[in-house]
2 protein chains.
Amino acid sequence: MLNELFHMFFQQNRYLVNKLNEVLKPHGLFSSQWTILFLLHQDGPMSLTAIWKYLNVEAPTVTRTVNRLETLGWVERQYGMDKREKIISLTKKGLEQFPPIAASVRSFEQEIEKKLSQQDQELLKGILKKIEG
Amino acid sequence: MLNELFHMFFQQNRYLVNKLNEVLKPHGLFSSQWTILFLLHQDGPMSLTAIWKYLNVEAPTVTRTVNRLETLGWVERQYGMDKREKIISLTKKGLEQFPPIAASVRSFEQEIEKKLSQQDQELLKGILKKIEG
DNA sequence: TTAAATTATTTAGGTAGGTAAATAAATTGG
DNA sequence: CCAATTTATTTACCTACCTAAATAATTTAA
């Protein structure tokens with residue numbers, strides 16, 4: 001990258017994603033799969049559209065990841081009144097296995113956050129908000 | 001993502017990569033291809049290994065991107081004394097077309113940087129350094 | 001009421017990252 | 001000297017993002 005700042009940003013992003021994948025590996029999950037499980041656990045059953053709009057990614061990306069999660073038994077789909085819509089929810093397996101995975105991820109996040117002061121974290125949030133805004 | 005900070009980080013990374021790809025599109029390039037062209041322009045001919053070590057990505061990723069760049073006529077390869085090694089360098093086309101692309105990218109970067117004060121930028125660099133360290 | 005437009009999802013195919021294992025050349029040690 | 005190890009690159013295959021276009025269901029408007 002031309003600019004050091006952008007170069008560093010992209011490098012740290014790869015670092016964080018790779019580390020998160022390492023943490024998730026024993027649970028048989030990848031980062032984006034986890035992101036969707038977490039969202040479903042937090043907000044309950046929701047449509048594909050609700051998922052991709054919330055996560056700010058395109059629909060086909062979510063289609064594929066949800067299909068994989070379904071194959072692996074983490075989520076299931078129901079059809080609503082609107083027959084176009086697929087409503088995705090956690091399966092029993094998804095619900096039951098969630099807590100220990102969440103604990104692993106939380107502990108990873110805390111490890112990273114230990115490297116930053118509380119002030120750094122707030123500053124970083126503020127700066128990140130300015131980038132897209 | 002569990003944590004708002006990580007979630008924001010990943011979102012802004014996608015935002016920046018997508019925006020950069022938009023800027024590069026008229027030039028027929030994608031962000032990672034540009035990253036490699038930029039490196040070769042800056043440091044001169046170098047081996048695949050030198051490229052992936054510098055960029056902090058795995059070898060197969062660079063193999064693929066360099067092959068694509070070769071097909072598109074941006075780079076060429078020579079073999080050194082060590083016959084395992086491939087030395088990659090910019091072609092005439094690569095050298096000639098570089099400056100206007102660099103100008104577009106620079107202008108994109110400046111646009112983003114306008115959203116951040118000089119102080120924000122230094123703070124962000126400092127915080128990014130702490131994440132991996 | 002039905003043709004046109006919109007919405008939800010999928011399919012197809014591209015870039016960009018990863019791991020694991022193969023290959024070929026160079027280096028090292030007994 | 002040559003067998004074993006290391007190094008450079010590639011191949012094969014997975015996740016994760018993208019765009020463009022297809023399909024099917026719903027909504028809107030003439």
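Below, chains carry the letters A, B, ... as their sequence lines are ordered, and counting in each starts from 1.
For C:dT9, its base never sits under 3.5 Å from the side chain of A:Arg84 at any donor and acceptor pair. For B:Arg64 against C:dG14, a side-chain-to-base donor-acceptor contact under 3.5 Å is absent.
Both A:Ala59 and A:Asn21 lie close to DNA chain D; mapped to their nearest nucleotides by heavy-atom distance, the more 5′-ward contact belongs to A:Asn21. If you find the closest nucleotide of DNA chain C to A:Leu48 and to B:Gln33, the one lying nearer the 5' end belongs to A:Leu48. In terms of position on DNA chain C, the residue among A:Ala50 and A:Arg14 whose nearest nucleotide sits closer to the 5' end is A:Ala50.
Residues A:Tyr79 and A:Arg84 form no side-chain contact, since every pair of their non-hydrogen atoms from C-beta on lies 4.5 Å or further apart. Counting heavy atoms from C-beta on, the side chains of B:Glu96 and B:Lys93 never come closer than 4.5 Å. Using a 4.5 Å cut-off on side-chain heavy atoms (C-beta onward), A:Phe6 and B:Phe108 make contact.
Counting to the nearest Å, the C1' atom of D:dC18 and the NZ atom of B:Lys19 are 15 Å from each other. Separating the CZ atom of B:Phe30 from the P atom of D:dC17 is a distance of 17 Å, rounded to the nearest angstrom. The interatomic distance linking A:Asn13 (CG) with D:dT15 (P) rounds to 19 Å, in whole Å. Atom CH2 in A:Trp52 sits about 10 Å away from atom C1' in C:dT7, given to the nearest Å. Between B:Ile88 atom CD1 and D:dA8 atom C1' the separation is 12 Å, expressed in whole Å. Between the CZ atom of B:Arg68 and the C1' atom of C:dG13 there is a distance of 12 Å, rounded to whole Å. When rounded to the nearest whole Å, the span between NZ of B:Lys83 and C1' of C:dA25 equals 9 Å. Distance, A:Asp82 CG to D:dT23 P: 20 Å, rounded to whole Å.
A donor-acceptor distance shorter than 3.5 angstrom exists from the side chain of B:Thr91 to the backbone of B:Trp74, with no hydrogens or angles considered. Here the side chain of A:Gln121 pairs no donor or acceptor atom with the backbone of A:Gln118 at under 3.5 angstrom.
Within the nucleic acid shown, A:Ser32 comes within 4.0 Å of sugar-phosphate atoms alone, with no base atom in reach, counting heavy atoms only. If you check every strand for non-hydrogen atoms under 4.0 Å, B:Thr61 touches a base.
Remark: B:Thr63 is not in phosphate contact with D:dT11, judged by side-chain N or O atoms under 4.0 Å from OP1 or OP2. Taking 4.0 angstrom as the limit, A:Thr49 places a side-chain polar atom (N or O) nearer than this to OP1 or OP2 of C:dT9. Using a 4.0 Å cut-off, some side-chain N or O of A:Ser31 falls inside it from OP1 or OP2 of D:dA16.
Set against D:dC17, D:dA20, D:dT11, the side chain of B:Pro60 has D:dT11 as its closest nucleotide. Among the nucleotides C:dG18, D:dT9, C:dT9, the one closest to the side chain of A:Glu85 is C:dT9.
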